[in-house]
Amino acid sequence: MILMKDMVRDDKDSKKVLRSTAKQVSFPLSEEDQKLAAAMMKYLEDSQDPKIAEKHQLRAGVGLAAPQVGVSEMMAAVLVPGEDGDAKPIFKEVIVNPKIRSYSVQNAAIAEGEGCLSVFRDVPGYVIRHEKITFTYQDLDGNEHKVRLKGYPAIVCQHEIDHLNGILFYDHINKQKPFEMPDDTTVIE
Ligand SMILES: OCN(O)CCCc1ccccc1
Ligand code: NI
């Protein structure tokens, strides 16, 4: 079971793994990679269950990338829950070797900013991202998928794909004016 103590922190010496480009994953998945994928998705499910999260002191997460648990491989679990407890998640997948193929000119940012399971402090400011993205990935069986996302799920996937390329959310915050946004950026509440 992945716990908070397993998270690589950006302020500790092991942060190299957070700042490098992860390795492509080859198929068929090794036993180890299959177990890692399952454990990452299980972390997200548990962290979104108040009782389990409380019991194991898990910080809620809608995504988790392999480098965050010290594995420099191109794999991330994403679990964006449905609106108002709607059982069906908006996006639930372990994305392997993801690659953004195109994106909107339009930018978007989450109104309350972003956090990260690898960043144990608040970093205020607007994280400017693409409002829409089209990306490809392989699922755990190696099947190729092409997905178009918009708004919050698109933001989450960009956050995870960034992790696989050594980028952290605060890299996208304007250092001088953290709450400055390019004109007509969509603000996501
Ligand atoms: O890498 C995932 N992780 O650190 C958990 C938080 C994910 C996340 C939080 C806010 C907006 C987009 C994505
Ligand atoms: Ni993160």
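Ligands are counted one by one from 1 in listed order, and the atoms in each one are counted from 1 as well.
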Participant: Among all protein heavy atoms, pick out the one at the shortest distance from atom 5 (C) of ligand 1; state its residue, atom name and that distance to 0.1 Å.
Facilitator: Gly63 O, 3.5 Å

Participant: How far is atom 8 (C) of ligand 1 from the closest protein heavy atom, and which atom is that?
Facilitator: His159 ND1, 3.8 Å

Participant: With heavy-atom distances below 4.0 Å as the criterion, list the atoms of ligand 1 near Cys116.
Facilitator: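 Near Cys116, meaning under 4.0 Å from one of its heavy atoms, ligand 1 has 4 (O).
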
Participant: Using 4.0 Å as the upper bound for N to carboxylate O, is an ion pair formed by Arg19 and Asp171?
Facilitator: yes

Participant: Return yes if some donor-acceptor pair links the side-chain N/O of Gln68 with the main-chain N/O of Cys116 below 3.5 Å, else return no.
Facilitator: no

Participant: What is the closest protein heavy atom to atom 4 (O) of ligand 1, and at what distance does it sit?
Facilitator: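 For this ligand atom, the closest protein heavy atom is Leu117 N, 2.7 Å.
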
Participant: The Ni ion (ligand 2) as vertex, arms to SG of Cys116 and NE2 of His163: angle to 10°?
Facilitator: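 So the angle at the metal works out to 100°.
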
Participant: Could you check whether any side-chain N or O of Ser47 sits under 3.5 Å from a backbone N or O of Leu58, counting only pairs where one atom can act as donor and the other as acceptor?
Facilitator: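 Flag not set: sc Ser47 to bb Leu58 has no pair under 3.5 Å.
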
Participant: Around atom CD of Glu144, are there more than 12 heavy atoms of other residues, nucleotides or ligands at under 6.0 Å?
Facilitator: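 Counting neighbours around CD of Glu144, more than 12 heavy atoms of other residues, nucleotides or ligands fall under 6.0 Å, so yes.
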
Participant: Could you name the option among Met7, Gln68, Arg59 that has the heavy atom nearest to atom 1 (O) of ligand 1?
Facilitator: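 Looking at heavy atoms only, Gln68 sits closest to atom 1 (O) of ligand 1.
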
Participant: Look at Lys55 together with Asp49 and state whether they make a salt bridge at an N to O cut-off of under 4.0 Å.
Facilitator: no

Participant: Give the intermediate values and the outcome of side chain to side chain donor-acceptor pair (under 3.5 Å) for residues Asp6 and Tyr43.
Facilitator: CA-CA 11 Å; Asp6 301 313; Tyr43 177 89; over 6 Å; no

Participant: Can you check whether Gly115 has an N/O within less than 3.5 Å of an N/O in ligand 1?
Facilitator: no

Participant: Identify, by name, the N, O or S atom of His159 lying closest to the Ni ion (ligand 2).
Facilitator: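 For His159, the N, O or S atom at the smallest distance from the Ni ion (ligand 2) is NE2.
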
Participant: Using a 4.0 Å cutoff against the non-hydrogen atoms of Glu160, which atoms of ligand 1 qualify?
Facilitator: 1 (O), 2 (C), 7 (C)

Participant: Given that the side chain starts at C-beta and the backbone is N, CA, C, O, which of these parts of Ile110 lies under 4.0 Å from ligand 1, counting heavy atoms, or is it both or neither?
Facilitator: side chain

Participant: Looking at His163, which atoms of ligand 1 are within less than 4.0 Å of one of its heavy atoms?
Facilitator: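 Matching atoms, with element in brackets: 1 (O), 4 (O).
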
Participant: Less than 4.0 angstrom from a charged side-chain N to a carboxylate O is my criterion; do Asp11 and Arg121 meet it?
Facilitator: no

Participant: Counting distance only, does the side-chain N/O of Gln48 pair as donor-acceptor with the main-chain N or O of Glu45 below 3.5 Å?
Facilitator: no

